[in-house]
Amino acid sequence: SGFTTTSTGSTQVSDCICNVGYYLDGSSCTSCGSGFTTTSTGSTSVMQCRFSSLVPYAYFRHDTFSTDGSVWSDSSTNERPDATCSGCSIVMSSGNGLSKPRNVWAGGTSAVINFGDVIPSGGTVCSATRYSGATKGRILQGTTMNWLIGHYVSSSVGVAYFKDGWVGGSASLVSPNTNWVMMCAILGGSNAPMVVNGVEYTVSGGSSDSPGELRVNSGKYPSEMSDFEISDVATFDRALSADEMQTVISFFEGEACLTECGIGSGCELSTDATDPRSCEPCPVGKYSDVSSTSSPCEYCDSGFTTAST
């Protein structure tokens, strides 16, 4: 199950490769799970699974940095140009709202990131960023207009300003201000959803215009810099619903598994630092009677246990 061939006339089992939506797991093909797929046949790793129903315009995810920390590859099917950074390093970030340590891009005020032109007009932008030091200004900003998402100053965190005004206001929605901000907002939305660290808001304000290139410590206001860490950036060419935003944030936070966990296994914290959660067999005393990308194993009622894992 899950296998296919690249063409007609195949004569041997070695011609079989994993179909779209599956990846090779040992000697079998495993489904990427609900909401995820692969870009082609022949995928050999779970890391090749991508959003399916949520197709990003661009997606820079925390496991696609170059080893020297200078380049960050786009994981969307659109193959946008690599993001580049002068002065960034890869660090293992933990705490500050993260459920599990992970590799992130980090830098001081001299570090400059250019993601390029990755935010389409009227679309949705989602990001995972935090203040990591004493200097607290903008982190993500545009090049052609007064535009920011996530951070403005130390007293204005978890916010967005899209050219013509604040998207829902300038008051901080995240405390303390050094916690991770994982949020999604729509460009030019009216009575539109915005999600910040899993909390849904209904907001209006801001322009639908693209802000030009997305940058860190550079752009329209290059003097408004920050000491920062950045984990994920995903953009979409349409307005997402609140539920879709929650799915993206759950993936950022590591609260969802890349694969659908079958009956008898749960979406649990993983020992792999680059994949915060994974499907694990339910241990003695726990059970799972559903297939899910997010449900952990449940404890048996008081006095009950299970005979095995």
Side-chain angles (χ1 to χ4, degrees), residues 56 59-65 69 72 75 83 85 88-109 111 113 115 124-141 148-161 167-168 170-185 193-201 214-217 224-235 240 242 244-258 267 269-270 272-277 294:
Y59 182 28
F60 301 91
R61 55 184 277 177
H62 63 266
D63 53 13
T64 57
F65 304 112
W72 197 356
S75 294
C85 183
C88 284
S89 59
I90 300 173
V91 303
M92 183 64 73
S93 185
S94 62
N96 301 296
L98 283 183
S99 61
K100 178 76 172 177
R102 68 179 61 179
N103 288 320
V104 302
W105 244 1
T109 56
I113 299 176
F115 288 96
T124 303
V125 58
C126 302
S127 59
T129 52
R130 69 173 290 264
Y131 285 142
S132 62
T135 305
K136 298 180 175 71
R138 300 175 190 231
I139 297 182
L140 289 167
Q141 62 170 297
L148 64 90
I149 185 168
H151 298 79
Y152 176 46
V153 292
S154 61
S155 58
S156 191
V157 177
V159 299
Y161 189 98
V167 182
S170 62
S172 279
L173 298 176
V174 175
S175 181
N177 61 22
T178 53
N179 266 6
W180 279 94
V181 176
M182 299 188 180
M183 67 179 292
C184 294
M194 181 174 78
V195 174
V196 182
N197 287 359
V199 180
E200 297 178 17
Y201 302 89
L214 181 65
R215 296 190 180 183
V216 174
N217 287 345
E224 298 182 15
M225 302 174 291
S226 295
D227 300 312
F228 68 90
E229 291 180 357
I230 184 166
S231 170
D232 294 82
V233 174
T235 65
L240 299 189
E244 289 173 323
M245 290 180 179
Q246 291 285 17
T247 297
V248 177
I249 298 301
S250 291
F251 191 59
F252 284 1
E253 291 178 332
E255 295 300 326
C257 288
L258 285 175
C267 182
L269 287 173
S270 172
D272 182 352
T274 64
D275 182 14
R277 289 185 180 268
S294 59

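Only a predicted model underlies this, so the values are computations on that prediction, with no experimental measurement involved.
Within the structure, salt bridge (Lys or Arg N to Asp or Glu O under 4.0 Å) contacts touching residues 88-98 (residues at least two apart or in different chains) do not occur.
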Margin query: Could you go through L140 and I230, starting from their C-alpha distance and side-chain angles, then the distance that decides it, and tell me whether this counts as side chain to side chain contact (heavy atoms under 4.5 Å, CB included)?
Written below: CA-CA 9 Å; L140 289 167; I230 184 166; 4.0 Å; yes
* List the steps and the verdict of side chain to side chain contact (heavy atoms under 4.5 Å, CB included) for V199 and L173. => CA-CA 9 Å; V199 180; L173 298 176; over 6 Å; no
| Going through the checks in order, is the side chain to side chain contact (heavy atoms under 4.5 Å, CB included) test met by W180 and V104? | CA-CA 12 Å; W180 279 94; V104 302; 3.9 Å; yes
### Query
Can L148 and V159 be said to form a side chain to side chain contact (heavy atoms under 4.5 Å, CB included), step by step?
CA-CA 8 Å; L148 64 90; V159 299; 4.2 Å; yes
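Using a distance-only test at 3.5 Å, with no hydrogens or angles considered, no donor-acceptor pair links the side chain of T135 to the main chain of S226. In this structure a side-chain-to-backbone donor-acceptor pair under 3.5 Å is present from S156 to S170. A distance-only check finds no donor-acceptor pair linking the side chain of N177 to the backbone of S155 [under 3.5 Å]. N217 contributes a side-chain N or O that, together with a main-chain N or O of A111, makes up a donor-acceptor pair within less than 3.5 Å. Q246 places a side-chain N or O within donor-acceptor distance of the main-chain N or O of G198, the cut-off being under 3.5 Å. Of the possible donor and acceptor atoms, one in the side chain of T124 sits under 3.5 Å from a partner among the backbone N and O of L240.
Of all non-hydrogen atoms in M245 and C184, the two that sit nearest each other are CG-CB, 3.6 Å. Scanning both residues, F115 and V216, for their nearest heavy atoms gives CE1-CG2, 4.3 Å. Annotation for S172 and S154: closest pair OG-O, 4.4 Å, computed over non-hydrogen atoms. Summarising the geometry of S231 relative to R102, their closest heavy-atom pair is OG-NH1, 3.1 Å, with the distance given to 0.1 Å. Taking each heavy atom of V91 and A106 in turn, the nearest pair found is CG2-CB, 3.6 Å.
Atoms CD1 and CH2, from I90 and W72 in turn, are 10.0 Å apart once rounded to the nearest 0.5 Å. A distance of 7.0 Å separates CE of M182 from CG of N197, quoted to the nearest 0.5 Å.
Legend: residues meeting side chain to side chain donor-acceptor pair (under 3.5 Å) with W105, ordered by chain and number and at least two apart, are absent. With sequence neighbours left out, Y152 forms a ring pair (Phe, Tyr, Trp, His ring centres under 6.0 Å) with W166. Residues meeting the side-chain contact (heavy atoms from CB on, under 4.5 Å) test with A242, sequence neighbours left out: P193, E200.
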Can you give me every donor-acceptor pair (side chain of residues 126-133, partner residue at least two apart or in another chain, under 3.5 Å) with its distance?
residue: T129; atom: OG1; partner: H151; partner atom: ND1; Å: 3.3
residue: R130; atom: NE; partner: T178; partner atom: O; Å: 2.8
residue: R130; atom: NH1; partner: E229; partner atom: OE1; Å: 3.3
residue: R130; atom: NH1; partner: E229; partner atom: OE2; Å: 3.4
residue: R130; atom: NH2; partner: T178; partner atom: O; Å: 3.2
residue: Y131; atom: OH; partner: G137; partner atom: O; Å: 2.6
residue: Y131; atom: OH; partner: V153; partner atom: O; Å: 3.4
residue: S132; atom: OG; partner: D227; partner atom: O; Å: 3.4
residue: S132; atom: OG; partner: F228; partner atom: N; Å: 3.0
residue: S132; atom: OG; partner: F228; partner atom: O; Å: 3.3

